[in-house]
Protein chains: 2
Amino acid sequence: MRAYRHSVLLSLLMASTTLILSNTLLAAADPLPSWNEGPTKQAITAFVNRTTNQSSPDFIPQEHRIATFDNDGTLWPSHPMYTQLAFAIERIKAMAPQHPEWKTKQPFKAVLENDMDTLASSGEEGVAQLVMASHAGMSTAEFEAIVTEWFKTAQHPHFKKRYTQLAYQPMIELLKYLRHNGFKTYIVSGGGIEFMRPMTQAVYGIPPEQVIGSSIEIKYELQQGKPVLMRQAKIDFISDKAGKPVAINRFIGKRPVVAIGNSDGDRQMLEWTDAGSKSSLKMLVLHDDAKREYAYGPAEGLPDTKVGAFSESLYKTAKKRNWIVISMKRDWKRIFSFDSAEQLGTQNTGAKTFSTNE
Amino acid sequence: MRAYRHSVLLSLLMASTTLILSNTLLAAADPLPSWNEGPTKQAITAFVNRTTNQSSPDFIPQEHRIATFDNDGTLWPSHPMYTQLAFAIERIKAMAPQHPEWKTKQPFKAVLENDMDTLASSGEEGVAQLVMASHAGMSTAEFEAIVTEWFKTAQHPHFKKRYTQLAYQPMIELLKYLRHNGFKTYIVSGGGIEFMRPMTQAVYGIPPEQVIGSSIEIKYELQQGKPVLMRQAKIDFISDKAGKPVAINRFIGKRPVVAIGNSDGDRQMLEWTDAGSKSSLKMLVLHDDAKREYAYGPAEGLPDTKVGAFSESLYKTAKKRNWIVISMKRDWKRIFSFDSAEQLGTQNTGAKTFSTNE
């Protein structure tokens, strides 16, 4: 009995000691190793330190540590086109045998003929037609299965990696660092909510209930007595621009204290965060790294683009209000998880990236 | 140095021992003291035991332990009228001096004259007019302040207690018991999302981001350069009946494994939960206790009512599908937190109920 108790105590002791050691190691390690030293990294750690230190005047109670991240262009690339548009195009091609009429009907004809100029000229309405044809008319369960399957194999045309391998490594570290400090991390994207949810836990460590996005209407039906949620070909809500604060209010009911985006679609989310009474961190990713990723603005004289534009007007607002502009070129030591390995000349198959990272 | 290390080890040991002791005490204590012993209580604890035991075939990983609760009639009374309707009526009366036209305009005239028959005859459209007049045309921050203030003083006409003191004690225990076992507890109510959020943390231990409800449209505006979210006099979404599974899918993106309601408005939420592949717990509160609360159905020959009706058809479905019907009379030892104190003849001021309960 005495021996038993002794061994229980001993194992408790060892567990406690291990805990202390690993906490010490954690504190000593740089939580943001893919960020270069400099004012941006300093601003992040200074913000986290002063808002999580109970004796600081800027202390934020844990239940108010809400951090909202845009997705496309902020957490992963949005060039040469939004990932969801690439998905829609590939789905249209896959579904074409069941739709012979698409051979002569725009914008489907353009997609099937890889005629990107004609597709671009079909504008938002054309894109909406593609999205509805590829995203609606099925149950939420069927759509989830299709998206999950697609993410397993679909590759980015430039990087030749699966999309789920292209999450920006500095952002993955920032998400973890914030969570480690009691912040609840959300995605607030203009992208489709049910297109993102199948991959966010594995790629970003963000569960479905912390993913906010645009949605189409969903209808509850009984099919042969079995309940299904059917996706309707009708827009329900666009979570972009002024829609972002509205969506944040609806889903979270609290104002964020961290808001991070990359384009004019994120302006209102940062404004709304900035207008709160608590200390807050507002950041915008500037894609100024043509070599490692892409370079576009048109802010700062970078090439103009229609996809995820960062306007000069937004740039001026950021400077005026002390929103931090993250320079990918200057602030990020590496961009993708496979960067460093390749720099070291190591073969990187990327096979391990699509797995739970927390 | 040695003495120091010794004392560190000793305090670790003591901390560990305290932890073990308090866990033991916790396991021994009844987590549901306000529930009478019987099949309902047994079904709850059996469900929690088999879904949280890793070696059980019914084990549910923690991220899928989603529990959704209706609010009105499930977590607190919905009689003699929905709390939110009482709020709307009191607001109309408070706002009347600024609206002289209401003296002659229905349904406002009926409200100001306490003419409940005429108000009832104005139907859903009349109620919608009252709700829009009292809930829209202001910012979300202003509305939150009004609701918060109202909950501090407004009293239930029968119980003469503040509404926030009327949360059912057995349900508060059930919410805590589920959370203690790794379930994430949500409210999914037909009531207004922003009417509930100011009180759910304090009353139920449920934070704003886990409250789902009906909503009116919200518009983002800059007023003199300051961002505000303005409440519009237009319905956005009704989270009732078939709207409940739709709202659950939108906000959570996972299917619940616990769903608890009390009326025909909850049928689809329970159906949707029941149709999942995991083991699940479905329960409906039957108000069969005229003495301690209210008695209405019309199920089981209880008085018919238009507020929160539990139909015979729903009752039959429940029996057929083994959904548990909670009898307030038989299953609940006490209904309100102040019940036992009053039974013991203790003066209960209720002053402490409106505070964080977890």
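Each chain gets a letter, A, B and so on, in the order its sequence line appears, and its residues count up from 1. Side-chain atoms are counted along with the backbone in the values below, which use heavy atoms only and exclude waters and symmetry mates.
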Considering only heavy atoms, which portion of A:Leu222 lies under 4.5 Å from any heavy atom of chain B: side chain, backbone, both, or neither? side chain
Starting at CZ of A:Arg250, measure out to CD1 of B:Ile193 and round the result to the nearest 0.5 Å. 8.0 Å
To the nearest 0.5 Å, tell me how far B:Lys226 NZ sits from A:Trp272 CH2. 7.5 Å
For the interface with chain A, which of B:Arg255, B:Lys219, B:Lys241, B:Glu194 has the highest count of heavy-atom pairs at distances below 4.5 Å? B:Glu194
Between A:Asp274 and chain B, which part of the residue has a heavy atom less than 4.5 Å away: side chain, backbone, both or neither? neither
Reported CD-to-CD1 distance for the pair B:Glu209 and A:Ile248, which is rounded to 0.5 angstrom: 13.0 Å
Can you tell me which of B:Glu217, B:Glu221, B:Glu63, B:Lys184 forms the most heavy-atom pairs within a distance under 4.5 Å of chain A? B:Lys184
In terms of heavy-atom pairs under 4.5 Å with chain B, the winner among A:Asp236, A:Ile66, A:Val228 is A:Asp236
Heavy-atom pair of closest approach, residues B:Pro208 and A:Gly253: CB-O, 4.1 Å
Roughly how far, to the nearest 0.5 Å, is CD of B:Glu144 from CG of A:Asn249? 9.0 Å
